[in-house]
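Structure, as structure tokens:
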Amino acid sequence: MEKDMEQVMKKAEVLIEALPYIQKFNRKIIVVKYGGSAMSNEELQKNVIKDVTLLKLVGFKPIIVHGGGKEISRWVGKVGKEAKFVNGLRVTDEETMEIAEMVLNKVNKSLVTMVEELGVKAVGVSGKDGGLLQVEKKYSDGQDIGYVGEITGVNPDILFDMLEKDYLPIIAPIGLDKDYHTYNINADDAACAIAKAVHAEKLAFLTDIEGLYKDINDKSTFISRLTASEAEGLIHDGYIGGGMLPKLNNCTSAIRNGVNRVHILDGRLAHCLLLEIFTNQGIGTAIVSDEEEK
Ligand SMILES: NC(=[NH2+])NCCC[C@H](N)C(=O)O
């Protein structure tokens, strides 16, 4: 009995800890980049969608930007093509672009369905809709990698319209160039550009790692919180390698361009978004502006 009471009080404490954040982030835009392993099975998908839906229902304004990742490679494989990557970027010929767009639109609508099932109104669009994401062809170290787009402009009007009408926007990272050709866009880049364009309060990346480490081989060097300047220092001093580098560049660039906080979270961990946003300690890495730290 004693024990039960303790547990019940703990639950109350959790809710009370959330209170200042519910107040602080009320009506604030939170962009969530959803990709990687967090998409790999239905249970993880449902958890992520539940978290985002909860954010919406407590009065935040979440926007989901999603990838297609493994699904795209799977469908490319199904038609007998081999998925090719150059410097981590998918080489996208016309046929691959067609498949990528079909898969991303399918993923998009399945996310919409999951949100709707939880009683929240969602609208799924791609960056083609309403001129949301404008791109030009991207080259990787001078190499032609096909229909991979670099974002040159964002028109967030359609997002503001949806948010105003209380819809939860869900965005597939596809854009058009000035000749109206379709391009695939890296979902991290799309999330970052959108967060900047809407002046998001937060940008949260669901990734396949716990967060940032100073030394990836030493778990005791986990960084729970750092400023944009400190993050740039780590990049400059060569601490950040591989796939993390473009991600962290996106994080600091978001903060330098008006996003208040960026969170790197472990999408494999159920409810990482809630654990980060509604607790003092968080669970991943929070990157804050230099001003906030002062
Ligand atoms: N990784 C961290 N240190 N996170 C702190 C999170 C604090 C607060 N819940 C927020 O969302 O802003």
Side-chain angles (χ1 to χ4, degrees), residues 10-34 36 38 47-48 50-65 168 188 191-192 194-196 198-216 218-235 239-240 244 247-294:
K10 276 238 157 62
K11 280 187 194 161
E13 275 168 31
V14 169
L15 290 167
I16 292 302
E17 188 174 339
L19 188 62
Y21 301 113
I22 295 176
Q23 276 171 333
K24 189 169 170 198
F25 305 135
N26 190 253
R27 319 290 305 154
K28 296 276 165 58
I29 299 180
I30 302 196
V31 175
V32 177
K33 150 67 202 311
Y34 177 39
N47 285 333
V48 172
K50 270 188 197 158
D51 285 13
V52 178
T53 309
L54 191 146
L55 297 182
K56 178 83 183 166
L57 289 170
V58 297
F60 303 178
K61 296 177 175 212
I63 295 174
I64 298 176
V65 180
L168 194 161
D188 282 355
C192 181
I194 285 168
K196 289 179 198 171
V198 299
H199 304 293
E201 170 74 22
K202 285 185 185 299
L203 165 60
F205 288 100
L206 302 189
T207 70
D208 288 353
I209 48 161
E210 296 86 8
L212 218 58
Y213 289 94
K214 191 157 183 193
D215 173 2
I216 189 83
D218 180 358
K219 298 272 170 195
S220 72
T221 63
F222 184 75
I223 305 170
S224 164
R225 179 192 160 105
L226 76 171
T227 63
S229 289
E230 286 165 346
E232 283 158 357
L234 287 176
I235 295 170
Y239 283 106
I240 310 299
M244 200 58 215
K247 259 190 207 302
L248 198 55
N249 276 326
N250 263 327
C251 295
T252 54
S253 148
I255 296 208
R256 296 294 184 209
N257 289 280
V259 176
N260 210 22
R261 274 187 180 202
V262 181
H263 303 262
I264 302 173
L265 306 176
D266 187 349
R268 301 164 303 180
L269 188 83
H271 305 302
C272 63
L273 270 171
L274 302 185
L275 292 167
E276 177 71 13
I277 293 179
F278 292 118
T279 67
N280 302 330
Q281 295 298 315
I283 185 109
T285 296
I287 305 170
V288 304
S289 62
D290 299 353
E291 294 74 46
E292 191 184 338
E293 195 64 10
K294 275 179 210 146

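Ligands are counted one by one from 1 in listed order, and the atoms in each one are counted from 1 as well.
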Can you name the side chain to side chain contact (heavy atoms under 4.5 Å, CB included) partners of Thr221, sequence neighbours left out?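 Testing Thr221 for side chain to side chain contact (heavy atoms under 4.5 Å, CB included), a comparison that skips the adjacent residues, returns Tyr213, Lys214, Asp215, Asp218.
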Hits for side chain to side chain contact (heavy atoms under 4.5 Å, CB included) against Ala204, two or more places apart or cross-chain, chain-then-number order -> His263, Leu265, Leu273
Run the contact test for Lys24 against ligand 1 with a 4.0 Å cut-off on heavy atoms, strictly below, and give the result. no
Under a 4.0 angstrom heavy-atom cut-off, which atoms of ligand 1 come close to [X]?
X: Ile277; answer: 8 (C), 9 (N), 11 (O)
X: Ala286; answer: 1 (N), 2 (C), 4 (N)
X: Ser224; answer: 1 (N), 2 (C), 3 (N)

A side-chain contact here means heavy atoms from C-beta on lying under 4.5 Å apart; do [X] and [Y] qualify?
X: Asp188; Y: Lys247; answer: yes
X: Met244; Y: Cys251; answer: no
X: Glu201; Y: Arg261; answer: no

To check your reading of the model: name the closest protein heavy atom to [atom], its residue, and the distance in Å.
atom: atom 12 (O) of ligand 1; value: Arg261 NH1, 2.5 Å
atom: atom 11 (O) of ligand 1; value: Lys202 NZ, 2.9 Å
atom: atom 5 (C) of ligand 1; value: Asn280 O, 3.5 Å
atom: atom 6 (C) of ligand 1; value: Glu276 O, 3.4 Å
atom: atom 8 (C) of ligand 1; value: Tyr21 CE2, 3.4 Å

Would you check whether Phe25 has a nitrogen or oxygen atom less than 3.5 angstrom from a nitrogen or oxygen atom of ligand 1? no
For Arg256 and Glu232, what are the C-alpha separation, side-chain angles and deciding distance, and is it a salt bridge (Lys or Arg N to Asp or Glu O under 4.0 Å)? CA-CA 11 Å; Arg256 296 294 184 209; Glu232 283 158 357; 2.6 Å; yes
For Lys33 and Thr207, run side-chain hydrogen bond (donor to acceptor under 3.5 Å, both in side chains): C-alpha distance rounded to whole Å, both residues' side-chain angles, the deciding distance at 0.1 Å, then the answer. CA-CA 9 Å; Lys33 150 67 202 311; Thr207 70; over 6 Å; no
